[in-house]
Number of protein chains: 2
Amino acid sequence: MTTLFKPIRPKKLSEEIVEQIKSLITGGQLKPGEKIPSEREMAALLGVSRPSVREAIMVLETMGLLESRQGGGTYVRSLTDGTLAPLAAMLEDNPELLKELLEVRMGMECWAAYLAAKRASEAEIKEIGSSVEEMARQAQSGGWSSEVDSRFHYAITTATHNTMQLHVLNTIHGLFLATIEVALTKLYSQPRYIEVLLGQHRAIYEAIAARDGDRARRAMAEHLEWVQATLPQLA
Amino acid sequence: MTTLFKPIRPKKLSEEIVEQIKSLITGGQLKPGEKIPSEREMAALLGVSRPSVREAIMVLETMGLLESRQGGGTYVRSLTDGTLAPLAAMLEDNPELLKELLEVRMGMECWAAYLAAKRASEAEIKEIGSSVEEMARQAQSGGWSSEVDSRFHYAITTATHNTMQLHVLNTIHGLFLATIEVALTKLYSQPRYIEVLLGQHRAIYEAIAARDGDRARRAMAEHLEWVQATLPQLA
DNA sequence: GATATTAAATTGGTATGACCACTTTACTAC
DNA sequence: GTAGTAAAGTGGTCATACCAATTTAATATC
């Protein structure tokens with residue numbers, strides 16, 4: 001009968017801080033890529049000392065949830081960065097798998113567009129629209145950065161209201177960027193491509209704004225199929 | 001060519017301390033149950049500050065290697081089958097997150113069914129059919145194992161001819177099994193569920209055999225939506 | 001107005017010293 | 001030998017300071 005009872009050990013402050021931050025991440029309030037408040041600010045917010053906050057952050061880094069950069073801040077990692085890490089090694093050894101990764105991403109982005117069309121709030125639809133407008137603006141100056149394109153896809157995935165979808169897509173997107181950022185930069189800077197891409201992004205945005213899931217899915221599929229066909233010409 | 005070079009980040013002191021203590025544990029110099037030197041003593045031995053030692057010990061506790069007791073010292077833990085990976089543990093603690101992962105999986109399995117319908121070879125279609133037949137056979141003896149169900153989904157994903165899809169889905173499936181195997185086993189052993197599942201699996205198989213991608217996708221969506229609705233009743 | 005350079009501010013990393021709370025050990029009285 | 005108490009040792013938390021890396025803001029130049 002003694003196995004029913006376990007010794008009760010009071011929780012350390014750092015453990016409580018870990019639980020709070022974990023909750024914010026899994027609940028979607030802290031999203032992958034986001035920067036969390038600085039250690040000093042967090043200590044003030046929580047009413048604890050900076051070493052206690054540091055201990056909690058160290059634990060969360062060990063779990064793979066956070067990543068600190070000296071002088072630069074602390075950022076939320078994608079939950080699946082660790083479990084999908086073998087994919088990065090596979091990509092390094094076999095660059096031809098990139099095409100397959102693009103196809104995996106295609107499936108997920110199409111699913112995300114579908115869900116976003118079903119679920120996006122007005123604010124989220126507005127944010128998707130803003131990122132397209134920002135692309136249009138940068139297009140007039142010769143092209144846009146891969147960051148703006150990421151923002152567009154990120155906004156769509158955020159509108160699915162599925163935290164895990166966001167984390168998994170972030171991990172895959174990170175693998176993607178790591179291998180082909182040069183080709184993407186070319187893609188986003190050549191006038192003939194820019195015009196096509198902008199039209200495709202607008203079509204996706206409009207389908208989501210119209211809350212038409214199947215149309216959003218098809219628009220996203222068309223976009224990514226075109227990207228898949230075009231990238232080999234830039235490698 | 002940029003992918004060959006990775007940013008070099010200098011190691012934190014606490015990381016170096018972690019490596020040293022891990023080496024002593026895995027090398028047998030520190031045995032389970034043994035008490036390690038006190039924080040103050042360790043700091044003096046290593047020529048570092050006590051907070052740096054504390055951070056390292058905190059990390060080793062998170063890894064399950066050490067255990068601290070206030071006033072009592074820090075001890076090496078037994079290296080049993082150990083802790084779950086952080087993400088799996090979080091999924092266990094958080095049913096909402098598990099539900100979201102199920103939805104991510106849904107998107108991917110539907111995509112896989114679509115691609116499989118487009119690409120499966122005759123042998124692959126045959127293997128998918130065989131796994132359905134094996135389910136039917138085991139159903140007559142009261143139910144089938146989660147392994148047979150895995151084989152069915154694995155065969156479909158194999159038929160996509162996309163290695164990355166296979167790896168990502170396998171990883172997600174592994175996280176899944178770690179958390180809900182008991183509920184799945186119940187699902188595959190109750191007569192009223194078995195009949196529904198078998199019908200759904202047959203519909204998927206038939207759509208793939210007919211090489212009808214959209215039909216395969218819809219059949220898979222219907223199957224997984226049903227599973228998603230039914231699992232909470234078994235928890 | 002754009003760009004490059006430099007300075008200032010912010011951020012994480014490490015350290016020192018102090019104190020609190022819990023546990024262990026040593027000492028004393030019976 | 002045992003019980004009680006004091007002292008020492010240990011982990012937990014904190015305040016403050018300083019260093020090193022990064023980011024941001026200000027300034028000079030074209």
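Scope of the values below: all heavy atoms of this structure, side chains included, with no hydrogens, waters or symmetry mates. Residue numbering restarts at 1 for every chain, and letters A, B, ... go by the order of the sequence lines.
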Return a table of donor-acceptor pairs under 3.5 angstrom between the side chains of residues 49-57 of chain A and protein atoms on other chains or two or more places apart.
from    : atom 1 : to      : atom 2 : distance (Å)
A:Ser49 : OG     : A:Ser52 : N      : 3.4
A:Ser49 : OG     : A:Ser52 : OG     : 3.3
A:Arg50 : NE     : A:Glu39 : OE1    : 2.9
A:Arg50 : NH2    : A:Glu39 : OE1    : 2.9
A:Arg54 : NE     : B:Glu55 : OE2    : 3.0
A:Arg54 : NH1    : A:Glu39 : OE1    : 3.3
A:Arg54 : NH1    : A:Glu39 : OE2    : 2.9
A:Arg54 : NH2    : B:Glu55 : OE2    : 3.4
A:Glu55 : OE2    : B:Arg54 : NE     : 3.0
A:Glu55 : OE2    : B:Arg54 : NH2    : 3.4

* **Pairs satisfying salt bridge (charged side-chain N to carboxylate O under 4.0 Å, His left out), at least one member in residues 145-157 of chain A, at least two apart** => A:Glu127-A:Arg151
* Within residues 42-56 of chain B, residues whose heavy atoms come under 4.0 Å of DNA chain C -> B:Val48, B:Ser49, B:Arg50, B:Pro51, B:Ser52
* To do: Can you tell me which residue pairs pass the ring-ring contact (aromatic ring centres under 6.0 Å, His included) test with a partner in residues 52-74 of chain B, sequence neighbours excluded?
  => none
* To do: Scan B:Arg40 against the nucleic acid and name what it touches under 4.0 Å (heavy atoms): base, sugar-phosphate only, or nothing.
  => base
* Structure fact -> Sorted by chain and residue number, the side chain to side chain contact (heavy atoms under 4.5 Å, CB included) partners of A:Asn94 (sequence neighbours excluded) come out as A:Glu96, A:Leu97
* Take B:Glu61 and A:Lys12 through the salt bridge (charged side-chain N to carboxylate O under 4.0 Å, His left out) test and state the conclusion after the steps. => CA-CA 12 Å; B:Glu61 276 193 283; A:Lys12 300 171 187 171; 2.7 Å; yes
* Can you give the first and last nucleotides of DNA chain C, 5' to 3', that have an atom under 4.0 Å from a heavy atom of chain A? -> C:dT11 to C:dT14
* **Residues which pass side chain to side chain contact (heavy atoms under 4.5 Å, CB included) with B:Ala44, listed by chain and number, not counting sequence neighbours** => none
* With A:His201, which residues qualify under ring-ring contact (aromatic ring centres under 6.0 Å, His included), at least two apart? -> A:Phe152, A:His153, A:His223
* Assign each of A:Leu13 and A:Gly72 to its nearest nucleotide of DNA chain D by heavy atoms, then name whichever residue's nucleotide is nearer the 5' end. => A:Leu13
* **First-last contacting nucleotides on DNA chain D - partner chain A, under 4.0 angstrom, heavy atom** => D:dG12 to D:dT22
* Asked: Mind checking what makes side chain to side chain contact (heavy atoms under 4.5 Å, CB included) contact with B:Tyr154, not counting sequence neighbours?
  -> B:Thr158, B:Leu166, B:Asn170
* Can you list the residues that meet the ring-ring contact (aromatic ring centres under 6.0 Å, His included) rule with A:Tyr188, with sequence neighbours excluded? -> A:Trp144
* Residue pairs involving residues 86-113 of chain B (criterion ring-ring contact (aromatic ring centres under 6.0 Å, His included); sequence neighbours excluded) -> B:Trp111-B:Tyr114
